[in-house]
Amino acid sequence: MIYLDNSATTIPDPSVVESYQKASEKFFANPSSVHQLGGATEKLLQTAKQQAASFLQVDANEIIFTSGGTEGNNIAIKGIALEHQNRGKHIITTAVEHPSVDEACQSLETLGFEVTVLPVDEKGLVDVRDVKEAIREDTILVSIMHVNNELGTIQPIEKIGKLLSNYPKLYFHVDAVQSLGKVPLDIQKAQIDLCSFSGHKIHGLKGTGILFVRKQVSLFPLFHGGGQENGLRSGTENVAGGVSMVRALRLIKEKQQNQTNHLQAMHDYLWNELESIEGVQINSPHNGAPHILNLSVPGIKPEVIIHMLGEKEIYISTKSACSSKEKDESKVLAACGLPREITISGLRISLSYNNTQEEMERFVASLKEAIHQFKEVLR
Amino acid sequence: MQYDHILIRYGEMALKGKNIRSFIQALQENLQVKLKDFPNAKVKRTQGRMFVLLNGHEPEPIIEICKKVFGIHSLSLALKVENDVEQIKEAALEALKKADARTFKVAAKRVDKNFPHGSLEMNQIVGSHLLVNTEGYTVDVHEPDVEIKVEIREEATYITSENISGAGGLPVGTAGKSLLLLSGGIDSPVAGYLAMKRGVQLEAIHFHSPPYTSERARQKVLDLTKKLVGYGKSIKVHIVPFTKLQQEIFREMPDSYAMTIMRRMMFRIAEAVCEQENILSLTTGENLGQVASQTMESMHAINEVTNYPVIRPLIAMDKAEVVDISKEIDTYEISILPYEDCCTIFVPKSPKTRPRRDKINALEARHDFGPSIEEAIAGIETIHITAKSEDTEFEDLL
Ligand SMILES: Cc1ncc(COP(=O)(O)O)c(C=O)c1O
């Protein structure tokens, strides 16, 4: 099997699964229980947060364990909007966000909020000047993703953060689900207030994630109850989930340290090879994230290519997995202003540090063969 | 061009006369230890100046660390160039572009008299270079958004822009050692922090009464200590097994005096630790009139058992001020965790707010606490808290 759909989800690392199992069995107590077992579990949870915090260069009490990117995005966006609506009801986001940001913002429109959706260029890039222009007296939130899940475009988060720091009344949320462990992001330097991460994109487990919430930032919680997670997410903590998330984070950070070149080399190889295939158009920016490459083969339905490759146990995807069931075109590619023949034929290859150069070669050969076969049949 | 070092200014220390050498050396050592996660960063001194050479590290995280080191009055990111007009002009331009400013002022200072241009002339040369090569900036000599300092010294020229405030105070360790009575509440960590700010190296003592007080309460004290370590060096925490003595006090002594006597016992044990560890004073979070046990009479009664100096940095502060500091130093959230500590488990119904020494001495004479005090001292567990004391307890999981 050659698995090249790592932006949809990754294969869980066995040691992450093991850590989840062990923590579930041994530290089953409720961290809020007063007895010794509760104390030990709470200490584990706290230690996990401290370690997550040190990887992300933030403070331990700024770490909220969530069920993933979608939840983090929803807590952040709706939480800020509901908490601070008396200061203003204007939100800024972009045309290329993940649906969990997009739809969360849209849902707020029904509650009387106004949302400005920033345009992007043909590579999916937001212009900092557009951000500046969109800011109004009543803007309370700017939500912009770091790395785009379909194209791999890296938004200028640090520049935007610097700009936004001139507007102390608004909050800055970043969906960093795709960049974690792949593209460096300095939460402090970029002056981010809220930042979402997901476990299953970094060889962790589904249902695990982290939301960073800067200390002074207050949110309206989506779940009320026992006041766990600083009152932002009530419900008995998923200690084993959090623990496994931190293990996954540790592993991906190690890889980011030591194997970034490997990822970039595979990306460069693919780029060069794919670019030279006739009929293939690369949609990703050249300087994008090292693990995502989006291309179109106009005239061939992407599903067809996916199934032809799937026969050989090579797995890639169309658009983002989450929107694959929608008909037709990619919203992201459309936002880039690309013609319809491109937007309906997008294919995404997404890599992991665990992929190999040999796999890249086999994939390229198989893709060429598939395109060739298809054209033969058509002729 | 990149910022390549951070200029460290030590305000108050420069006034310290004969001791200045040891103060500066202490600051240099403290700073270097704090930067051990940045292997290439080096702390250097030349002629009344201290620098952190970045050697390729990003400046921001290092600045964050410097801001927590006592003895530093202010710091600035600096570019170092040769004593060459062209290089100086370029570097000044770079510094201006990085600063978030509209108006600026150039302040050149020629220390190296061999340099061909005087200070005023350099102001002109650099100022006009900046105006010509930028858009939208103006000179404001009175209240500029940013002052570009150009210091031409023998060995090199340093260009700095913003001034970042440091933590002030004196380098930890230069004022000797004190033993902090650390309870886990809001006050004592703040008292420890303020003592450290005056150069004190702390050790801490905590009274633990299992099973009345829990593992969590003990951990809380270690976590608080870890926060304090962030402002200085590693700290030894002496955990005193207090259960037996405490039970004895509350059994043998009248309810209304038990609290005061308990505190006297704590001071006695603390003094014994001081003797063992060569520590010359105690530090407490006591604050006049804050609670019933902290009246003048109560302090008078408690203080009788030791002639060691007792440093009480919070003595004249309002509670709100203490809370503010505890939030600033990040101990507040830990302090308010609701675990019982040894001072909250046995709370007498009506403690004496005006205890008298003669009365207490008479009471204490009725029972021999000696053996239990000895036992408590003998059972002390000492834990070293360092910046790195990571929990390895969960290594197989995390
Ligand atoms: C950019 C981005 N944000 C958010 C998500 C949602 O994350 P999760 O699946 O953990 O809810 C995804 C994953 O599909 C994503 O790619």
Side-chain angles (χ1 to χ4, degrees), chain A residues 15-16 18-27 31-55 57-62 158 162-163 165-166 184 186-191 215-216 230 239-240 242-251, chain B residues 3 37-38 57-65 67-68 77 97-102 145 210-224 226-227 229-230 324 326-340 385 387-398:
Chain A
S15 86
V16 170
E18 183 192 310
S19 147
Y20 180 86
Q21 184 178 358
K22 271 199 198 160
S24 305
E25 287 171 1
K26 195 161 163 215
F27 294 93
S32 301
S33 291
V34 172
H35 50 64
Q36 282 80 348
L37 293 180
T41 310
E42 187 192 32
K43 188 169 178 198
L44 172 59
L45 184 68
Q46 225 24 58
T47 311
K49 286 195 176 183
Q50 268 158 20
Q51 299 203 1
S54 82
F55 288 125
Q57 307 243 296
V58 301
D59 233 65
N61 47 15
E62 297 176 320
E158 229 173 79
K162 186 150 193 238
L163 165 74
S165 68
N166 297 320
D186 187 328
I187 289 181
Q188 305 304 349
K189 226 168 157 178
Q191 308 192 52
K215 229 173 280 167
Q216 294 81 7
N230 306 344
V239 176
V243 163
S244 74
M245 170 82 204
V246 173
R247 167 66 64 96
L249 188 57
R250 170 188 309 287
L251 296 173
Chain B
Y3 282 107
D37 285 344
F38 302 86
H57 291 295
E58 287 282 329
E60 282 81 6
I62 294 185
I63 288 176
E64 282 313 306
I65 289 173
K67 278 160 77 175
K68 280 181 147 190
L77 262 175
K97 281 182 178 162
K98 282 217 177 175
D100 209 0
R102 294 249 157 68
D145 293 343
Y212 307 116
T213 61
S214 67
E215 191 55 32
R216 277 166 161 145
R218 183 175 178 277
Q219 186 60 41
K220 177 178 171 181
V221 165
L222 301 182
D223 291 345
L224 286 169
K226 182 125 190 219
K227 291 287 179 192
V229 167
D324 283 349
S326 76
K327 286 184 176 163
E328 202 176 298
I329 65 173
D330 227 9
T331 53
Y332 181 77
E333 294 292 329
I334 303 175
S335 289
I336 59 172
L337 292 171
Y339 312 133
E340 303 291 341
I385 302 291
K388 275 273 154 209
S389 332
E390 267 218 359
D391 248 304
T392 49
E393 190 182 342
F394 303 116
E395 239 171 13
D396 61 328
L397 294 172
L398 291 169

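A note on names: the letters A, B, ... follow the listed sequences, proteins ahead of strands, and every chain is numbered from 1.
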Is a side-chain N or O of [X] found less than 3.5 angstrom from the main chain of [Y], in a donor-acceptor match?
X	Y	result
B/Arg216	A/Val34	yes
A/Ser19	B/Leu397	yes
A/Glu62	A/Lys215	yes
A/Gln188	A/Gln57	yes

Smallest separation among heavy atoms of B/Tyr339 and B/Lys220, with atom names:
CD1-CD, 3.9 Å
So, for B/Leu77 and B/Pro59, which heavy atoms are closest and what is the spacing to 0.1 Å?
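The pair with the smallest heavy-atom distance is CD2-CB, 3.5 Å.
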Proximity breakdown for [X] and chain B, heavy-atom pairs closer than 4.5 Å:
X	result
A/Lys189	side chain
A/Asp59	side chain
A/Lys26	neither
A/Ala40	backbone
A/Tyr20	neither

Residue part contacting chain A, namely of B/Glu215, when any heavy atom lies under 4.5 Å
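Interface part for B/Glu215: neither.
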Is B/Asp330 in contact with chain A via its backbone, its side chain, both, or neither, using a 4.5 Å heavy-atom distance?
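Just its side chain gets close to chain A.
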